[in-house]
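We count ligands from 1, going down the list as the structure has it; atoms in each ligand are counted the same way.
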Amino acid sequence: MPNAHISFVYDIHYRVPTSYEPINRPHTDDDLWMREAMTSLGYSGTSALAQIRGYVNELRQALETNWAFTIFVVDSLNDLDGCFTDNIDSTRKWAAYATHGGPYLVMTYDIGNNGIGNMDYATAHETCHLFYATDEYNGITQKSGYLGFMILKALVA
Ligand SMILES: [Zn+2]
């Protein structure tokens, strides 16, 4: 939307090391590999969330942006379904998710069976969750936004 006058600045780090293989774990284990990844990038803290907040805060200041967030793309090239090992429900497994209100989102390279060609869609969808947008495809009425009247879930798929 060109009339929105929004631009993006990127700080990309490829192949950030971790001793874990994130795609072979449940998405709920993300604190393990995120902590190592953020430590590798030079950010310390008592949790992955604290480390990520330190990173995005520094980014925002250094790049003079209004906001910053982190996108973790988990290598799934050698994984059969391109998903983490745990299920969302009886038919879906985790392949992309975001912290409600930020500061990070996660997706696998393949985004499940959606494929890398849909990374733009997944990024847009999950980025909206970083700004408190809720899912509308599930038919559930939810209230959200910066006023935070009601946060129904800590993580949204
Ligand atoms: Zn969603």
With the Zn ion (ligand 1) as the reference point, give the N/O/S atom of H125 that is nearest.
NE2

In this structure, would Y10 and Y14 fall into the same cluster of hydrophobic residues linked by side-chain contacts under 4.5 Å?
yes

Between L41 and V9, is there a shared hydrophobic cluster once you connect ILVMFWY residues whose side-chain heavy atoms come closer than 4.5 Å?
yes

Ignoring hydrogens and geometry beyond distance, is a side-chain donor-acceptor pair present between T28 and D30 at under 3.5 Å?
no

Taking N, O or S atoms only and a limit of 2.8 Å, check whether C128 reaches the Zn ion (ligand 1).
no

Decide, counting backbone as well as side-chain atoms, whether D135 has an N, O or S atom less than 2.8 Å from the Zn ion (ligand 1).
yes

Short side-chain donor-acceptor distance under 3.5 Å, N114 and Y121
no

